[in-house]
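Presented below is the structure to which this report refers.
We number each residue from 1, following the sequence as shown.
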Amino acid sequence: MAQQKIESLWMHLHWLTVLAQQGSYTAAARRLGVSKAAMSQRIAELERAAGVPLVQRTTRSVRLTEAGQHLVEDMRQPFEDIAHSFAGVRDLAGVPRGLVRVTAPVAFARQQLVPRLADFLRAQPEVRIELDLSDRLSSLAMEGFDLAIRHTAAPPDTHVAWTLCETRSVLAASRAYLRRRGNPESPQDLAGHDCLHYPRAQDTPAWHLEARAASRSAGASPRITVPVMGPFAANNSEALRDAAIAGLGIALLPDFSAQAALQSGKLVEVLPQWQPVGAFGDRLYAIRPYATHVPRAVAAFVAWLRETLASGFSEGPKVGVVPVSRAQPLRLR
């Protein structure tokens, strides 16, 4: 094939790698900001130029042929190198700019992140944020995310992670429920209450609690496991919080979900001398795939997250925090 003809297909090849990542024409077109018809046309042109089928189409998804897979594998690293090189050149301007694709847990994003984002975007007018609300653990590189915010006890060691803040879990219920059913005085009392829980793999739901430092006797640190039952379970802490506010029972919640309801009095903390453990992560992290170059827009966003979330969720949300104007060096910790 003539050199000029090959050079005219660079964009086609890039679109094929995106199609391989996304798994469907619709998702790939959305990622590239083009129409599905344009996407299909470019792939057809590439197949005609190659002289072999590159994609096998089904009603729901696409799968690369052996030739297509071979081509994508050969092209993936060069395109990643081009993207990193171009990002580095743009960063020479010294102003954070460009799109930052972020994935974050649903409840945290709705309750804590989105209300604060306006401050960052006003101070960084050249930066755009595309936010994916999902509790699913995504493959950041494969799905094209620059950054993930994750609530976990241990970030993956294959990625770079920055601690945003510590978190804790709380037991909370409405005053109406506690008037009706009584206030538990010990973890064992929870077995007789309606407990709103996050469904886990085990057949019998159970909560694990440890005595806080002030409640420990003779240096002991007892850990108690209590089987729980209740009329409602959900895999979203926001739903559990709202069920507790409605008086359905005692909910086990991460502090970022319980914060506003506790401050307003819609919920009160139950068994405050006991710390629930093992239900949720104990820190929030910003996580990104390892790369030698961190785009200035991503660095600025991480620095802002670390500043605005540093105090955790024992106080009200820090709206109005002015984002840092120049991203500070980011270190793993």
Does Thr65 form a side chain to side chain contact (heavy atoms under 4.5 Å, CB included) with Val52? I'd like the steps, not just the answer. CA-CA 9 Å; Thr65 65; Val52 293; over 6 Å; no
- Task: Report the C-alpha separation of Tyr177 and Val268 in whole Å, then their side-chain angles, then the decisive distance to 0.1 Å, and conclude whether the side chain to side chain contact (heavy atoms under 4.5 Å, CB included) test is met.
- Result: CA-CA 10 Å; Tyr177 173 84; Val268 295; over 6 Å; no
Original post:
Step by step, would you call Tyr285 with Ile149 a side chain to side chain contact (heavy atoms under 4.5 Å, CB included)?
Top reply: CA-CA 6 Å; Tyr285 292 92; Ile149 298 173; over 6 Å; no
Evaluate the criterion side chain to side chain contact (heavy atoms under 4.5 Å, CB included) for residue pair Val72 and Leu19; output intermediate values, then yes/no.
-> CA-CA 10 Å; Val72 166; Leu19 179 61; over 6 Å; no
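With respect to Glu269 and Arg168, a salt bridge is recorded, a charged nitrogen being found less than 4.0 Å from a carboxylate O.
Between Pro53 and Ala67 the shortest heavy-atom distance is O-CB, 4.1 Å.
One N or O on the side chain of Arg212 and one on the backbone of Pro272 form a donor-acceptor pair closer than 3.5 Å. Judged by distance alone, the side chain of Ser24 and the main-chain N or O of Ala27 form a donor-acceptor pair under 3.5 Å. In this structure, Asp189 contributes its side chain and Ser186 its backbone to a donor-acceptor pair below 3.5 Å. Checking side-chain atoms of Asp146 against main-chain N and O of Arg101 turns up a donor-acceptor pair under 3.5 Å. Judged by distance alone, the side chain of Ser264 and the main-chain N or O of Ala261 form a donor-acceptor pair under 3.5 Å. At distances below 3.5 Å, not a single donor-acceptor pair connects side-chain atoms of Ser40 with backbone N or O atoms of Ala37. Under the 3.5 Å distance criterion, the side-chain polar atoms of Glu166 are left unmatched by any main-chain donor or acceptor of Asp282. Formation of a donor-acceptor pair under 3.5 Å by the Asp255 side chain with backbone atoms of Thr167 is not found in this model. A donor-acceptor pair is defined here as one N or O able to donate and one able to accept, closer than 3.5 Å; no such pair exists between the side chain of Arg241 and the backbone of Pro254. Judged by distance alone, with hydrogens and angles left aside, the side-chain atoms of Glu47 form a donor-acceptor pair with the main-chain N or O of Leu54 at under 3.5 Å.
Remark: Arg180 CZ is packed, more than 12 non-hydrogen atoms of other residues, nucleotides or ligands lying under 6.0 Å away. A 6.0 Å sphere centred on CE of Met75 holds more than 12 heavy atoms belonging to other residues, nucleotides or ligands.
At a threshold of 4.5 Å between non-hydrogen side-chain atoms, the residues Phe301 and Ile129 count as touching. Between Pro105 and Arg150 there is a side-chain heavy-atom pair separated by less than 4.5 Å. Proximity of Glu126 to Pro96: side-chain heavy atoms (C-beta onward) are nowhere separated by under 4.5 Å. Side-chain atoms of Trp304 and Gln124, non-hydrogen and from C-beta on, never get closer than 4.5 Å to each other. Between Ile250 and Val228, the closest side-chain pair of non-hydrogen atoms is not below 4.5 Å. In this structure, Leu9 and Leu46 have side chains that are in contact, with non-hydrogen atoms separated by less than 4.5 Å. Side chains of Pro184 and Leu178 form a contact here, defined as non-hydrogen atoms less than 4.5 Å apart. Residues Trp274 and Pro222 have side chains in contact (heavy-atom distance under 4.5 Å, counting atoms from C-beta outward).
Ring geometry for Phe313 against Phe108 counts as perpendicular: the plane angle is over 60°, on a 0 to 90° scale with 30° as the lower cut. Between Phe280 and Tyr198, the ring planes are perpendicular. Angles over 60° get that label, and only those under 30° would be called parallel.
Residues Val18 and Val62 are members of one and the same hydrophobic cluster, defined by side-chain heavy-atom contacts under 4.5 angstrom among Ile, Leu, Val, Met, Phe, Trp and Tyr. One hydrophobic cluster holds both Leu71 and Leu32 under the rule that ILVMFWY side chains link at heavy-atom gaps under 4.5 Å. Note on Val302: it does not cluster hydrophobically with Leu99, by side-chain heavy-atom contacts below 4.5 Å among ILVMFWY residues. Put simply, Trp207 and Ile224 are part of the same group of oily side chains (I, L, V, M, F, W, Y) that touch within less than 4.5 Å, one to the next. Hydrophobic clustering, with ILVMFWY side chains joined whenever heavy atoms are under 4.5 angstrom apart, keeps Val170 apart from Val277.
Rounded to the nearest 0.5 angstrom, Ile245 CD1 and Ser174 OG are separated by 9.0 Å. The line from CZ of Arg30 to CD of Gln22 is 8.5 Å long, rounded to the nearest 0.5 Å. For the atom pair CD of Glu185 and CG of Leu190, the computed distance is 12.0 Å after rounding to the nearest 0.5 Å.
Considering Val102, Leu113, Leu284 as possible partners of Leu305, the one that fulfils the side chain to side chain contact (heavy atoms under 4.5 Å, CB included) test is Leu113.
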